[in-house]
2 protein chains.
Amino acid sequence: MSLASDRTKPGAANKPTLYKRIRLDIETRILTGEWPPGHRIPFEHQLMARYRCSRMTVNKALSELAQADLIERRRRAGTFVRRPQHISAVLTIADIRAEITALGRSYSYQLIDCRRRTATSADRARLGVTTAGKVIAIACRHSGDGVPFAVEDRLIDLATVPDAATADFAREPPGSWLLHHVPWTEAEHTISAVVADDRLAKALDIAVGAPCLVIDRYTWRSARTVTAVRLHYPGETHRLVARFKGG
Amino acid sequence: MSLASDRTKPGAANKPTLYKRIRLDIETRILTGEWPPGHRIPFEHQLMARYRCSRMTVNKALSELAQADLIERRRRAGTFVRRPQHISAVLTIADIRAEITALGRSYSYQLIDCRRRTATSADRARLGVTTAGKVIAIACRHSGDGVPFAVEDRLIDLATVPDAATADFAREPPGSWLLHHVPWTEAEHTISAVVADDRLAKALDIAVGAPCLVIDRYTWRSARTVTAVRLHYPGETHRLVARFKGG
DNA sequence: CACGATTATATGTCTAGACATATAAGTCAA
DNA sequence: TTGACTTATATGTCTAGACATATAATCGTG
């Protein structure tokens, strides 16, 4: 409390700007529990008085907190601390090469299979398209220090990404190529677990029956499917880490 | 292009406000690829002219896009479209009861074991604390329509959450109790895969050797550990879905 | 040419107002 | 009591300015 305004002296070493200090003050009170969920935050005109600033400055602080879902603003009623609505986390699924090099290992990549074909009914179901256009089907493997890290099965819709026809996926992994050539607007990840069958066990160099983490990713570009990819990771060694998101 | 200003007629059916339209216009151009990564966005004064509005209005639109990491703003240089930095997704890990009822199943809950004890060295390692305070160790199971959905192993640090000592975890699941009683500031989720051993197979009513998805969640409240929980899901039926996050 | 000083400029923050709009709360009649 | 109407009020958006600040670009000098 009461670290209010010293900003009237403009020459001071005012590192953080005023609206950021207001935002941090409120955020701190919420996160420490001093202002619990449902609590009504002081009105804008009260904060104006407390911090001796204009309404726009207070409003900027509150707008950012609202955008971050920490507070909820209702006309005429006021501004309220939101209750922890759902536990969500930002799961960063990095480019696999980046993931491996971040672990300090040397990255290598093997193309197992790459073929261009007219979409089979299975392909169409996987990509969520109805017409039988051309697709590229790729199987490849990513390794760190020579140890298999993940195997990838990918389908690329050539109707959405015609340039992919000319890409050299023996040289560049398809995920990396797509990341640099195709902007995407939406993605969905599904995470599940399986046990390794013969083929998977051989590709990952693990025992048959060992657990594997599976990530299915579908990527769209404004309602058009770009690619569908399934990644298999050895489940006992690999971990997906998702951090943060207070609420 | 050129859907600029009709906002000068204030009585019109101007559903979206001007700054939101500016934001959407720019966002659209970025996501469609019309303005690729690295492209310099028109200066604020150019946008002012295009939309016939004041600089603050343009600035509000650009600030929000910058907050969402879609653009990068550099003094004197201008504003630029960010390149797709990393593939991230918001993984929503709902309260398990909510998750089950959302699937249209009836939720039930069984407390398997609940004991209060002085932290063992294993407990201390798991909670990341050095002193041997009191903890509560809980094992329980969540079911949907009577079918096991997940088993939970949890440790609560009573030094951080003294109130937990008086909670009735036979009646209310600990996750739900904590969600409603303890604000948290940080969490870390780790996802991996295992195969079911005897105990797990029995608890989840699946075969020994079947794949299971494991979620470890650690929750802190400003640098103090609140709880550590491990959830096991049957891996072939359960799916974690993470959506969105364009970039 | 290299390097330090100067200048121009785009963004960052802020003000003191204004009108718009949704809505909680109060008022009044059936 | 209930429903319809009115009013007060907090937020939502916007303006036309202002000064601050970081820095790209230019200029000048050794």
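By convention in this document, chain letters (A, B, ...) are assigned in the order of the sequence lines, proteins followed by strands, and residues within each chain are numbered from 1.
- Looking at residues two or more places apart in sequence or on another chain, you find a side-chain contact (heavy atoms from CB on, under 4.5 Å) between A77(A) and R74(A), F80(A).
- Scanning all heavy atoms of the two residues, the minimum distance from P174(B) to E152(B) falls at CG-OE2, 3.4 Å.
- Comparing atom distances between the E44(A) side chain and each of dT11(D), dA10(D), dT15(D) picks out dT11(D) as nearest.
- Counting atom types as modelled, R74(B) pairs no side-chain N or O with a base atom of dG12(C) as donor and acceptor under 3.5 Å.
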Please tabulate, one pair per line, each protein N/O and nucleotide N/O from nucleotides 4-8 of chain C that are separated by under 3.5 Å, including the distance.
residue	atom	partner	partner atom	Å
dA8(C)	N3	R76(B)	NH1	2.8

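- Taking 4.0 Å as the cut-off between side-chain N and carboxylate O, D69(A) and R82(A) count as a salt-bridged pair.
- If you measure from atom NE2 of H45(B) to atom P of dA16(D), you get 17 Å, rounded to the nearest angstrom.
- Counting atom types as modelled, R75(B) pairs a side-chain N or O with a base atom of dT21(D) as donor and acceptor under 3.5 Å.
- For E72(A) and dA22(C), the CD to P distance is 17 Å, given to the nearest whole Å.
- Proximity of T79(B) to the phosphate of dT11(C): a side-chain N or O atom is located under 4.0 Å from OP1 or OP2.
- As rounded to whole Å, 9 Å separates atom P of dC14(D) from atom NZ of K20(B).
- A close approach under 4.0 Å does occur between a side-chain nitrogen or oxygen of T17(A) and OP1 or OP2 of dT13(C).
- Closest approach to the N59(A) side chain among dG12(D), dG12(C), dC14(D) is made by dG12(D) (side chain taken as heavy atoms from C-beta onward).
- Between F80(B) atom CZ and dT23(D) atom P the separation is 13 Å, expressed in whole Å.
- A residue-by-residue look at G78(B) and T57(A) shows that G78(B) has its nearest nucleotide of DNA chain C further toward the 5' end.
- The two residues F149(A) and G144(A) have their closest heavy-atom pair at CB-N, 4.2 Å.
- Distance, M48(A) CE to dG12(D) P: 15 Å, rounded to whole Å.
- The nearest pair of heavy atoms linking L111(B) to C140(B) is CA-CB, 4.0 Å.
- Between K60(B) and dG12(D) there is no side-chain polar atom (N or O) within less than 4.0 angstrom of OP1 or OP2.
- When the P atom of dT15(C) is taken as reference, atom CE of M56(B) falls 10 Å away, rounded to whole Å.
- In this structure, E172(B) does not pair ionically with R97(B), as no charged nitrogen and carboxylate oxygen lie closer than 4.0 Å.
- What separates CD1 of I71(B) from P of dA10(C) is a distance of 16 Å, to the nearest Å.
- Dashed line: the shortest gap from a side-chain N or O of R73(A) to OP1 or OP2 of dG12(D) is under 4.0 Å.
- The listed nucleotides are dC14(C), dA10(C), dT11(D); the one nearest the side chain of F43(A) is dT11(D).
- Here the P atom of nucleotide dC14(C) and the CZ atom of R52(A) are 16 Å apart, to the nearest Å.
- Note: H142(B) and Y109(B) have tilted aromatic rings, judged against thresholds of 30 and 60 degrees for the angle between ring planes.
- When the nearest nucleotides of DNA chain C are assigned to R55(A) and Y19(A) by heavy-atom distance, the more 5′-ward of the two goes with Y19(A).
- Partners of P42(A) under the side-chain contact (heavy atoms from CB on, under 4.5 Å) rule, at least two apart in sequence or in another chain, are W35(A), Q46(A), L47(A).
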